[in-house]
Amino acid sequence: MIEATEYPQALFTPAETPILPAAMVTSTPFVSALYPTQLEPIATLGLAGEQRGFYGEKAWKPAWSAYGHPRTGTRGHGGVDIYAPRGTAIVAMVSGDVSHILASDGNGMGNRVHLAFEVFGVAYKFVIGHLDAFAGKPGSVIKGTVIGYAGCTGNASVNEPCLSPNMCGKYSTHIHLQLHRIADNHLMDPMKALGWKLKYQDDLREKPCSEVVS
């Protein structure tokens, strides 16, 4: 089964994304409902987090982090990038079975957790990538359990301000969150499935970071 951050458009099947029952999911990938943020003094309650916006030395373009956003050639972004400072604890958004995949396999998602679950009789898995470290052991987990820590593994630190800040003192550190239907590895929209909204997810600006950072 292929696994990466970018995929051929033929693998995107957004119309088939399951809407998970609200009681089944957490409201955020973080321990606290006050999610990490770079541009707001206090996070906005009611949102699951903040979409990654910073790229390279000076670019702000949060749309690039959205699910399905056009990438190289005819490929699209296979998941959504959610900002999280390095070392931030990440929780299981649903109850399921966790497995750990190491960055040593050369995959662009780096260290990643597979969180397999079933709903409406269909098997799916969330993939949470770019982790610095795992928490706990592989096996069954209950939603809200810490399963890993945000980091800079895989391609998260390639030409990106992940390990060190950009010229405006900001970082691109994030988790890459994907949703797959296990039977055929087709990609679903994780935000739609979870019912989450992110800060800046509708921000289409592509600006120098100096224009969005005071």
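Any value given below was found using the heavy atoms of this structure, including those in side chains, with hydrogens, waters and symmetry copies removed.
No side-chain heavy atom of V113 sits less than 4.5 Å from a side-chain heavy atom of V127. In this structure, D132 and N111 have side chains that are not in contact, with every pair of non-hydrogen atoms separated by 4.5 Å or more. Taking 4.5 Å as the limit, some side-chain heavy atom of L20 sits within range of a side-chain heavy atom of F117. Put simply, the side chain of P21 reaches to within 4.5 Å of the side chain of V119, judged on heavy atoms. In this structure, the side chains of E211 and R205 stay at 4.5 Å or more apart for every pair of heavy atoms. Contact annotation: the side chain of R52 never approaches that of T173 to less than 4.5 Å [non-hydrogen atoms, C-beta and beyond].
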Exercise for review: Take K192 and I19, measure what side-chain contact (heavy atoms from CB on, under 4.5 Å) needs, and give me the verdict at the end.
Suggested key: CA-CA 7 Å; K192 180 180 178 181; I19 308 300; 3.6 Å; yes

Review point. Run the side-chain contact (heavy atoms from CB on, under 4.5 Å) check on Y67 and L179 step by step: do they pass?
Key: CA-CA 10 Å; Y67 167 77; L179 175 61; over 6 Å; no

Exercise for review: Kindly determine whether E50 and T44 satisfy side-chain contact (heavy atoms from CB on, under 4.5 Å), including the steps that lead there.
Suggested key: CA-CA 9 Å; E50 179 179 301; T44 305; over 6 Å; no

Review point. What do the steps show when you test R112 against H176 for side-chain contact (heavy atoms from CB on, under 4.5 Å), and what is the final call?
Key: CA-CA 9 Å; R112 54 209 186 274; H176 176 90; over 6 Å; no

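The two atoms that bring P29 and A48 nearest to each other are CD-O, 3.3 Å, heavy atoms only. Summarising the geometry of A43 relative to L34, their closest heavy-atom pair is O-CD2, 3.8 Å, with the distance given to 0.1 Å.
Linking ILVMFWY side-chain heavy atoms closer than 4.5 Å, directly or via other members, places V213 and Y171 in two distinct hydrophobic clusters. V91 and M93 fall into different hydrophobic clusters, where Ile, Leu, Val, Met, Phe, Trp and Tyr residues are linked whenever their side-chain heavy atoms come under 4.5 Å apart, directly or through other members. Linking ILVMFWY side-chain heavy atoms closer than 4.5 Å, directly or via other members, places F120 and M188 in a single hydrophobic cluster. At a threshold of 4.5 Å between side-chain heavy atoms, the hydrophobic network of Ile, Leu, Val, Met, Phe, Trp and Tyr places L39 and I82 in two separate groups. Placement of I175 and M191 within a single hydrophobic cluster is found when ILVMFWY residues are connected by side-chain heavy-atom separations under 4.5 Å, directly or transitively.
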List the atom pairs, with distances to 0.1 Å, where a side-chain N or O of residues 138-145 and a protein N or O form a donor-acceptor pair under 3.5 Å, not counting sequence neighbours.
{"from": "S140", "atom 1": "OG", "to": "D97", "atom 2": "OD1", "distance (Å)": "2.8"}
{"from": "K143", "atom 1": "NZ", "to": "A23", "atom 2": "O", "distance (Å)": "2.6"}
{"from": "T145", "atom 1": "OG1", "to": "I142", "atom 2": "O", "distance (Å)": "2.6"}

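There is no side-chain donor-acceptor pair under 3.5 Å between Y83 and S65. For Y35 and E40, the side-chain atoms include no donor-acceptor pair closer than 3.5 Å. H114 and H180 are not linked by any side-chain donor-acceptor pair at a separation below 3.5 angstrom, with hydrogens and angles left out of the test.
In this structure, N166 contributes its side chain and K58 its backbone to no donor-acceptor pair below 3.5 Å. The closest donor-acceptor contact from the side chain of E160 to the backbone of G56 lies under 3.5 Å. Here the side chain of T17 pairs a donor or acceptor atom with the backbone of D189 at under 3.5 angstrom. W196 places a side-chain N or O within 3.5 Å of a backbone atom of T26 that can act as its donor or acceptor partner. Remark: side-chain polar atoms of T153 are paired, donor with acceptor, to backbone N or O of L131 under 3.5 angstrom.
Interatomic distance, CG of L47 versus OG1 of T37, reported as 10.0 Å (0.5 Å rounding). Rounded to the nearest 0.5 Å, atoms CD1 (I90) and CZ (F134) are 13.0 Å apart. The line from SG of C162 to CZ of R86 is 7.0 Å long, rounded to the nearest 0.5 Å. Expressed to the nearest 0.5 Å, how far SG of C152 lies from NE2 of H174 amounts to 9.0 Å. Atom CG of L187 is separated from atom NE2 of H77 by 10.5 Å, given to the nearest 0.5 angstrom. For the atom pair NE2 (H130) and CG (N155), the distance works out to 5.0 Å, reported to the nearest 0.5 Å.
Scored by the ring pair (Phe, Tyr, Trp, His ring centres under 6.0 Å) test, F54 finds W60 as partners (sequence neighbours excluded). With sequence neighbours excluded, no residue satisfies ring pair (Phe, Tyr, Trp, His ring centres under 6.0 Å) with Y149.
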